[in-house]
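Have a look at the structure below before the remarks.
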There are 2 protein chains.
Amino acid sequence: MLSQKTKYALKALLYLAQQDVNHISKTTDIAEAANIPKKFLEQILLDLKRGHFVGSKQGKYGGYYLLKSGNEITLADIHRLFDGAIALLPCASLNFYERCSDCTDESECLLRHGLMTIRDETLKAMKDITIASLVNK
Amino acid sequence: MLSQKTKYALKALLYLAQQDVNHISKTTDIAEAANIPKKFLEQILLDLKRGHFVGSKQGKYGGYYLLKSGNEITLADIHRLFDGAIALLPCASLNFYERCSDCTDESECLLRHGLMTIRDETLKAMKDITIASLVNK
DNA sequence: TTTAAACTCTACTACTCATATATAATTACT
DNA sequence: AGTAATTATATATGAGTAGTAGAGTTTAAA
């Protein structure tokens with residue numbers, strides 16, 4: 001399941017994607033439109049900025065805007081930024097690999113191979129869902 | 001990501017699936033073989049019993065055994081029993097549907113449709129992974 | 001019938017993480 | 001200078017995860 005943070009991030013990105021190009025949206029407007037607690041949204045937008053998905057402008061008439069186009073931002077990207085691995089166990093993850101502490105011999109693990117299959121399927125589906133594809137629905 | 005509980009449950013089921021038919025395994029043996037804390041495993045096996053995946057025999061020489069054959073137990077089943085919904089948000093879930101509190105009009109939600117697509121893909125993959133398919137690898 | 005070995009059940013604890021909130025600082029435009 | 005916005009850090013809190021403890025119940029063998 002997605003965390004609230006990831007859900008809010010997606011909603012904020014969807015909001016930004018629906019604005020005119022070059023339009024700068026302030027946090028307050030995004031928060032109201034997408035029904036997100038404002039201070040929480042600030043954190044999320046900062047994270048999105050660090051991930052180079054949005055840019056910001058400070059001061060009066062400042063705010064946030066998309067840095068990439070909607071079809072360059074996939075669900076997989078946002079999931080990884082906020083919720084981390086897409087695989088069901090760290091040992092089956094591409095970007096967040098970690099050994100299981102209870103695993104004596106990974107090569108003998110019956111679980112891992114199946115979980116990597118799931119990961120590939122899920123990842124493929126998640127890469128197909130982009131901010132643009134969601135807006136054009 | 002899977003919880004430890006789900007991972008342990010899968011490992012326990014894999015262990016049981018590898019025993020001779022009619023063999024009854026005691027918790028201690030499963031715990032040692034699969035490297036699972038025994039008291040924690042007891043809880044998990046009880047949950048699996050309530051889910052009708054395993055049966056038990058009490059008393060001396062008692063223990064646990066598979067109630068269904070390995071190809072009748074899917075990853076989706078076990079995920080739902082321990083970790084709940086397979087969908088990324090409750091509003092996109094088949095078995096654990098719940099409205100989002102921050103959603104004003106579900107039919108207008110741009111996110112939901114895409115998440116249901118992911119759910120269908122993931123679910124299909126998770127139903128294909130069975131205890132039997134994992135053992136025969 | 002006693003006893004050991006197993007499951008059953010409830011409650012509890014320690015810890016981590018998610019979800020925010022609060023406050024102060026910085027920046028930029030007018 | 002004043003205002004309105006982002007940026008940063010710290011804190012609060014509630015829920016969930018992972019695991020432990022202990023008493024009770026059932027069964028089968030001796």
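Convention: sequence-line order gives letters A, B, ...; per-chain numbering from 1. On a predicted model such as this, the values are computed, not experimentally measured, just so you know. In what follows, every heavy atom counts, from backbone to side chain, and hydrogens, waters and symmetry copies are set aside.
- Counting only heavy atoms from C-beta on, B/S3 has its side chain closest to D/dA18 among D/dT6, D/dA18, D/dT27.
- Here the C1' atom of nucleotide D/dA4 and the NZ atom of A/K26 are 8 Å apart, to the nearest Å.
- Between B/L75 and A/L115 the shortest side-chain heavy-atom distance falls below 4.5 Å.
- One finds no side-chain N or O of B/S56 lying less than 4.0 angstrom from the OP1 or OP2 phosphate oxygen of C/dC7.
- Within the 4.0 Å cut-off from OP1 or OP2 of D/dG19, at least one side-chain nitrogen or oxygen of B/Y8 is found.
- Taking atom CD of residue A/Q4 and atom P of nucleotide D/dA15, one finds them 14 Å apart after rounding to whole Å.
- By the neighbour-count criterion of 12 heavy atoms within 6.0 Å, atom NE2 of B/H23 is densely surrounded, having more than that number from other residues, nucleotides or ligands.
- Using a distance-only test at 3.5 Å, with no hydrogens or angles considered, a donor-acceptor pair links the side chain of B/T122 to the main chain of B/I118.
- Between C/dT8 and B/K49, a contact under 4.0 Å exists linking OP1 or OP2 to a side-chain N or O.
- Taking atom CG of residue B/L46 and atom C1' of nucleotide D/dA18, one finds them 16 Å apart after rounding to whole Å.
- B/T28 comes within 4.0 angstrom of no nucleic acid atom, judged by non-hydrogen atoms across all strands.
- Using a 4.0 Å cut-off, no side-chain N or O of A/R50 falls inside it from OP1 or OP2 of D/dT6.
- The CG-P distance, from A/L2 to C/dT19, rounds to 10 Å in whole Å.
- Side-chain proximity of B/Q58 to C/dC9, C/dA20, D/dT27: nearest is D/dT27.
- Across the protein-nucleic acid pair, A/F82 atom CZ and C/dA20 atom P stand 14 Å apart, rounded to whole Å.
- Using a 4.0 Å heavy-atom distance criterion, B/K39 is classed as a base contact.
- A continuous path of ILVMFWY side-chain contacts below 4.5 Å connects A/L13 to A/L46, so both sit in one hydrophobic cluster.
- Closest contact between the side chain of A/Q43 and the listed nucleotides C/dT21, D/dT25, D/dT7 involves C/dT21.
- Contact annotation: B/Y64 reaches the phosphate of C/dT8 (side-chain N/O to OP1 or OP2, under 4.0 Å).
- Nucleic acid contact class of A/G59 (heavy atoms, under 4.0 Å, all strands): base.
- B/Y61 comes within 4.0 angstrom of sugar-phosphate atoms only, judged by non-hydrogen atoms across all strands, and of no base.
- For B/K57, whose side chain is taken as the heavy atoms from C-beta onward, the closest listed nucleotide among C/dC29, D/dA18, D/dT27 is D/dT27.
- Atoms CD and CD1, on B/Q19 and B/I24 in that order, are 12.0 Å from each other to the nearest 0.5 Å.
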